[in-house]
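Okay, so here's the structure we're looking at.
Heavy-atom basis, side chains included; hydrogens, waters and symmetry copies ignored. One-based numbering, in listed order, for ligands and for the atoms of each.
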Amino acid sequence: MYDGLSAVYDYGQNGAELKNNIKEYWWKSMTQMNENVVGIDSAIFMHPTVWKASGHVDAFNDPLIDNKDSKKRYRADVLIEDYIEKLNDKIKKEVKKAAKRFGEQFDEQQFLETNQRVLGYKQKQKDIMAEFVTAMDAGDLERVRQLIIDLEIACPVSGSRNWTEVRQFNLMFDTKLGSVSEGANTIYLRPETAQGIFVNYLNVQKTGRMKLPFGIAQIGKAFRNEIVARQFIFRMREFEQMEMQYFVKPGEEMKYFEEWREKRLKWHHAMGINADKYRWHEHDKLAHYANAAYDIEFEFPFGFKELEGIHSRTDFDLSQHEKFSGKKIRFFDNESGESYVPYVVETSIGLDRTFLSVLSACYNEEKVGDETRVVLNIPAPLAPVKVAVLPLVKKDGLPELAREILNELKFDMNCQYEEKDSIGKRYRRQDAIGTPFCITVDNQTAEDRTVTLRHRDTMEQERVSMDKVAEIVKEKVDMKALLKKLI
Ligand code: ATP
């Protein structure tokens, strides 16, 4: 009603359900499927010193640059990354051309490793990234600007290369705690949920008598004053994160880092989305405290972009909190008799980005006869509505029978009851919101208590007993169906 704010989104009735289901899938995969991972819910407002200790006050910045003609603002790092990505497109084009030329004998791997043009592009990518990393590490923003100019990067809006200088911009939102007359304190809206986990490490470890390795998981809102807020819910100013910090004995972090990389990719693959849509990206520029970092990238409609980060963060965060709070955060290892600050392996995924990955990959338009149907092939356990119960007509006792089925199902899942419009139209509406099953009640139901069970993906219809249908549907839509794929 007020035009909204850019990069701030509301989710409607179907979106909220899908979002909750993704959360449930993640939460259970962490806290139920791992004996040594527990979940917490920490506050959004935290003591301001937390953000000093974590480095966010001084260094949670993005380098920004403006185009003087279009007045559009960009992240300098993103302009450079996009340029590098375009070189990937050029490589893909070379591969396509060669595949056509060589036909069946084409060996893509060999081509990628030996073709001079491809090697040239790859070298260029490396050189650009190296120059960018060196400039950023040195805090030399003029050099970053020069790189943009040397690469002849133009503003996508104005097409011009008339750039301002590069400046650092802190992404944290601040606000005031307490009334101004009392001398209010500046506090921040958390830009990540992870710090809530670190400051609760000792509470959880002591009260739960947790032994290393163990993990703490959390889902919650995070806020970032993003410079460039484009691409729908990919980059938001208010968003949700699902993070897990895994505390391990120093020296063992690489083992668990690999373990969590594997587990996290499996979690994505279990949803049944084409595996080619996911790829690993190793960080070229490691944060000074990290000793390994990979992203899982997803092929969004606008290209491959970060979906989840898996980072080995050493003892940086806990040590910083020891230093700034003056309180010891040590784990006493009974076996070795030592006490030490644990190392951390973290998995950090954006809920909204996961939502977008599911939505974009599962949205399909299919030809059915002369018509086109819109169908969301969402994994059944994640679907906003699990089943629609549809009486064929509004009379002859069919609505009553349909309600009888609904009343049984609604304890276990989100259902819809619909009696308006032709059955075909009703099926289409359910397809479009991804409802995996429709149960249709017709005159035969009144005679023999059987119903039609219609499957969304295949549009296949089968006749099943009205008294068994709940059982059949339940098994398919239960979160267990997804969780089972993780072991
Ligand atoms: P990017 O490079 O895209 O800005 P990031 O590296 O800053 O992301 P992290 O700080 O590692 O992201 O945050 C972990 C996860 O949180 C990301 O993988 C992403 O899924 C999600 N995320 C981060 N920023 C946003 C945002 N502005 N909107 C939506 N999700 C976000």
Side-chain angles (χ1 to χ4, degrees), residues 5-11 15 19 22-23 26 51 54-56 59-64 74-82 84-85 129 132-133 136 168-173 189-198 217-245 260-261 264-265 267-268 278-287 289-290 292-300 302-313 316-317 344-360:
L5 295 171
S6 70
V8 178
Y9 289 90
D10 301 329
Y11 287 76
K19 210 171 156 194
I22 296 172
K23 280 197 230 184
W26 185 88
W51 304 110
S54 68
H56 284 80
F60 193 51
N61 301 321
D62 275 343
L64 67 84
Y74 297 91
R75 261 172 64 179
D77 56 330
V78 172
L79 286 179
I80 292 165
E81 276 163 17
D82 285 351
I84 291 175
E85 190 55 35
M129 195 35 95
F132 174 63
V133 170
M136 287 302 286
Q168 289 286 22
F169 176 78
N170 192 289
L171 300 182
M172 283 202 293
F173 285 101
L189 271 71
R190 66 178 177 200
E192 62 173 31
T193 55
Q195 297 306 322
I197 291 179
F198 293 128
Q218 166 157 240
I219 301 178
K221 288 259 174 163
F223 304 83
R224 295 182 188 180
N225 198 1
E226 297 281 359
I227 302 168
V228 191
R230 268 191 245 113
Q231 295 161 330
F232 191 36
I233 53 173
F234 178 80
R235 189 173 300 289
M236 301 157 89
R237 295 201 165 106
E238 173 181 342
F239 58 100
E240 261 177 283
Q241 287 187 317
M242 306 191 284
E243 297 197 291
M244 195 277 305
Q245 265 44 63
W260 279 103
R261 271 183 65 193
R264 291 307 303 147
L265 193 61
W267 184 89
H268 290 281
Y278 300 88
R279 73 176 187 197
W280 286 110
H281 168 76
E282 188 178 359
H283 281 212
D284 305 288
K285 182 179 182 301
L286 281 183
Y289 48 82
Y294 274 87
D295 292 337
I296 296 176
E297 292 188 338
F298 184 79
E299 191 175 18
F300 290 99
F302 37 82
F304 272 101
K305 300 265 174 203
E306 174 178 341
L307 172 60
E308 170 160 10
I310 294 139
H311 311 131
S312 175
R313 299 178 63 108
F316 173 77
D317 301 89
V344 171
V345 170
E346 82 170 356
T347 74
S348 173
I349 178 170
L351 174 56
D352 310 271
R353 284 192 192 175
T354 313
F355 184 108
L356 186 58
S357 72
V358 172
L359 190 66
S360 61

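Under the salt bridge (charged side-chain N to carboxylate O under 4.0 Å, His left out) criterion, Arg235 pairs with Glu226, sequence neighbours left out. For Glu85, the salt bridge (charged side-chain N to carboxylate O under 4.0 Å, His left out) partners are Arg279, not counting sequence neighbours.
Looking from atom 4 (O) of ligand 1 to the surrounding protein, the closest heavy atom is Arg235 NH1, 2.8 Å. Scanning the protein for heavy atoms near atom 21 (C) of ligand 1, the closest one is Gly350 CA, 3.6 Å. Annotation: atom 6 (O) of ligand 1 to nearest protein heavy atom, Glu306 OE1, 3.1 Å. What sits closest to atom 29 (C) of ligand 1 on the protein, heavy atoms only, is Phe234 O, 3.2 Å. Protein heavy atom nearest atom 16 (O) of ligand 1, with residue, atom name and distance: Gln241 NE2, 3.3 Å. Scanning all protein heavy atoms for the shortest distance to atom 14 (C) of ligand 1 gives Ser348 OG, 2.9 Å. Remark: minimum distance from atom 28 (N) of ligand 1 to any protein heavy atom is reached at Met236 N, 2.8 Å.
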**Report entry** Working for salt bridge (charged side-chain N to carboxylate O under 4.0 Å, His left out), residues Asp82 and Lys305
**Finding:** CA-CA 10 Å; Asp82 285 351; Lys305 300 265 174 203; 3.5 Å; yes
Report task. For the pair Arg353 and Phe239, evaluate side chain to side chain contact (heavy atoms under 4.5 Å, CB included) and give the outcome as yes or no after the intermediate values. Result -> CA-CA 9 Å; Arg353 284 192 192 175; Phe239 58 100; over 6 Å; no
Report task. List the steps and the verdict of side chain to side chain contact (heavy atoms under 4.5 Å, CB included) for Tyr11 and Asp352. Result -> CA-CA 10 Å; Tyr11 287 76; Asp352 310 271; 2.6 Å; yes
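Ring orientation note: the planes of His281 and His283 are tilted relative to one another, at an angle of 30° to 60°.
Ligand 1 lies within reach of Arg75, whose nearest heavy atom is under 4.0 Å from it. Using a non-hydrogen distance threshold of 4.0 Å, Asp352 does not register as a contact of ligand 1.
Aromatic ring centroids of Phe232 and Phe234 lie 6.0 Å or more apart.
His268 and Glu308 are linked by a side-chain donor-acceptor pair at a separation below 3.5 angstrom, with hydrogens and angles left out of the test.
Of the polar atoms of Arg237, none of the N or O atoms is found under 3.5 Å from an N or O of ligand 1, judged by distance alone. For Leu307, a nitrogen or oxygen atom sits less than 3.5 Å from a nitrogen or oxygen atom of ligand 1, counting backbone and side chain alike. When only interatomic distances are considered, the shortest N/O to N/O separation between Arg353 and ligand 1 falls below 3.5 Å. Taking distance alone, with nitrogen or oxygen atoms compared against 3.5 Å, Phe239 stays at or beyond that limit from ligand 1.
For atom 23 (C) of ligand 1, the candidate residues are Arg224, Glu346, Glu192, Lys305; the nearest heavy-atom contact is made by Arg224.
Close approach of ligand 1 to Glu226 (heavy-atom distance below 4.0 Å) involves ligand atoms 24 (N), 26 (C), 27 (N).
When every heavy atom of Pro191 is checked against every heavy atom of Arg224, the shortest pair comes out as O-NE, 3.0 Å.
A cation-pi arrangement, defined by a distance under 6.0 Å to the six-membered ring centre and an angle within 45 degrees of its axis, is present between Arg261 and Tyr294.
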